[in-house]
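Just below is one structure, and these are the notes that go with it.
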Amino acid sequence: MSEYTRDFFLALDNGDELADFRTEFHLPEGLIYLDGNSLGMMPKSAKARALDVVEREWGEDLITSWNKNGWFHLAEKLGDKIAGLIGAGPGEVMACDATGLNLYKLLSMALDMRSDRKVIVMEGSNFPTDNYMAQGLIGQLGRGHEIRFAEKDEILNAITEDVAVVSLTQVHYKTGHLLDMKAITEKAHEVGALVIWDLCHSAGALPIDLNGCQADFALGCGYKYLNGGPGAPAFIYVAKRHQGAAHQPLTGWWSHAAPFAFERDYRPADNIWQTLTGTQPILSLAVLECGLDIMGRADMVKLREKSLNLSGYFIDLVEEHCGDFGLTLATPRAREDRGSQVSFRHEKGFAIMQALIADKVVGDFRAPDIIRFGFTPLYTRYVDIWDAVMCLKNIMENDLWQNPEYSKTSAVT
Ligand SMILES: *Cc1c(COP(=O)(O)O)cnc(C)c1O
């Protein structure tokens, strides 16, 4: 018999120092949401903020809002708030554009700074948009760059003297494995390469120390662990020492040294403004700030500890209660090797996840066979882990996933 009972998890919730954060989010009735790594929950404050920015700032103040309501500096202001979460300094981060777009800008800048080298190191199994963007850029540059794909354990060896840039995602979107930012960055610098860190699955999920690791560039998503809302602006980081040193290819007016001088010819800003393109989506930035303000008050060390406890108990419970049903763990078992999600492989994964969602336990499915559960310590309770696994057990024990309804696919999985 295991030591775990529902009461054991209720007791953990009673002693949880982060428990109060849950009241700051809108919680749909009866839902166990384990997909905050894909789309974070809505901060309650977002609704009032959205209304205010629409009714007062846009409706009443109109164009004067660029100055009066701080619209012009919003991307920078939010960037500074994100900087505090990822170990960057003020003036090193902008909240802007989309993740893929920011990667394009950074890759292009890094290749420009290492113009005598032709190799980009990437993890082939990474979230595809990162690979696609690199492939698109290589085609456009037409200068014979190549991607050297390397998986987790091959990365250090792949970083050799011919490498221009190493472009990696810190936490893997499918398996949740966590790469060693410090060791990889050091190795890259040893051979004279630059590093771009994609923080999509780590910003807001674990402590990150970009400056401590001497990272060159980074980017990430606003709508995952940062709870910025669907399609929220992403972020981009350029270490102070590189600002102004590279050519940012999307030379829109907001990246000009003096946008309101309306000069004929392009002159880049020599600070983080060089990463911008043009007018930013103010409504989206405004609600992203609500998520950032909550995250900014959370103690990242405590958050990481709770995240690892949640994922660790989840692994234990699935293996104890669902061990006979062919689910294999795809996430590293060692705490220090994983981010804030747990994935299992199962050939009927798609239908299993649909059955879970029908029972109000929401995770997601990643082809071909991964069911994925994200743990967001600000609004996920320990008892949710118990209840979610009991639900999974019921589905597996009674073959509920065999319901043909659960094999119907939609556009988004
Ligand atoms: C979520 C995610 C993205 C998303 O890119 P968008 O441009 O926002 O669609 C990109 N890369 C990684 C690694 C991700 O996890």
Side-chain angles (χ1 to χ4, degrees), residues 34-41 75 78 82 85-86 93-108 110 120-137 147 149-152 155 165-179 181 184 195-206 208 210 215 217-237 250 275-277 280-281 284-285 287-288 291 330-331 338-343 363-367 370 372-376 411-413:
L34 303 178
D35 212 2
N37 54 324
S38 237
L39 175 63
M41 278 187 143
L78 268 57
I82 294 168
L85 301 171
I86 60 177
V93 180
M94 277 284 185
C96 64
D97 299 332
T99 313
L101 198 53
N102 287 340
L103 179 66
Y104 177 91
K105 290 184 266 185
L106 291 177
L107 256 180
S108 179
I120 305 169
V121 171
M122 302 184 84
E123 208 174 5
S125 62
N126 188 14
F127 190 82
T129 207
D130 296 44
N131 299 345
Y132 301 164
M133 278 290 176
Q135 288 163 346
L137 176 63
I147 303 179
F149 287 118
E151 291 307 310
K152 183 174 58 149
I155 291 170
V165 48
V166 177
S167 181
L168 296 168
T169 298
Q170 191 186 12
V171 173
H172 196 276
Y173 81 110
K174 265 191 191 171
T175 67
H177 71 245
L178 171 67
L179 297 180
M181 178 182 281
I184 292 171
V195 186
I196 301 172
W197 284 104
D198 182 330
L199 307 178
C200 277
H201 286 279
S202 43
L206 45 101
I208 300 169
L210 286 175
F217 303 103
L219 72 154
C221 254
Y223 50 78
K224 292 173 179 163
Y225 293 94
L226 299 179
N227 306 309
F235 63 86
I236 187 166
Y237 157 91
L250 304 177
T275 60
L276 292 183
T277 49
Q280 292 298 315
S284 299
L285 281 171
V287 294
L288 167 60
T331 301
R338 65 174 186 261
S340 200
Q341 68 176 66
V342 171
S343 302
D364 57 24
F365 172 76
R366 287 293 173 262
I370 293 255
R372 188 173 75 152
F373 304 88
F375 301 97
T376 43
V412 174
T413 61

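Each ligand, and each atom within it, is numbered from 1 in the order the structure gives.
- Take S284 and apply the side-chain contact (heavy atoms from CB on, under 4.5 Å) test, not counting sequence neighbours, and it matches P233, P281.
- Listed here is the closest heavy atom pair of F235 and I86: CE1-CD1, 3.8 Å.
- Side chains of H201 and K224 form a contact here, defined as non-hydrogen atoms less than 4.5 Å apart.
- For S343 (side chain) and T331 (main-chain N/O), no donor-acceptor pair under 3.5 Å exists by modelled atom type.
- Y173 and F127 have perpendicular rings, their planes meeting at more than 60° on a 0 to 90° scale where under 30° would count as parallel.
- Applying side-chain contact (heavy atoms from CB on, under 4.5 Å) to L178 and the options K152, R338, Q170 leaves one that passes, Q170.
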One pair per line, please: each N/O atom of ligand 1 matched with every protein N/O atom under 3.5 Å away, atom names first, then the distance to 0.1 Å.
| unit_1 | atom_1 | unit_2 | atom_2 | d |
| --- | --- | --- | --- | --- |
| ligand 1 | 7 (O) | G100 | N | 3.0 |
| ligand 1 | 8 (O) | T99 | OG1 | 3.1 |
| ligand 1 | 8 (O) | Y223 | OH | 2.7 |
| ligand 1 | 11 (N) | D130 | OD1 | 2.8 |
| ligand 1 | 11 (N) | D198 | OD2 | 3.3 |
| ligand 1 | 15 (O) | H201 | NE2 | 3.0 |
| ligand 1 | 15 (O) | K224 | NZ | 2.6 |

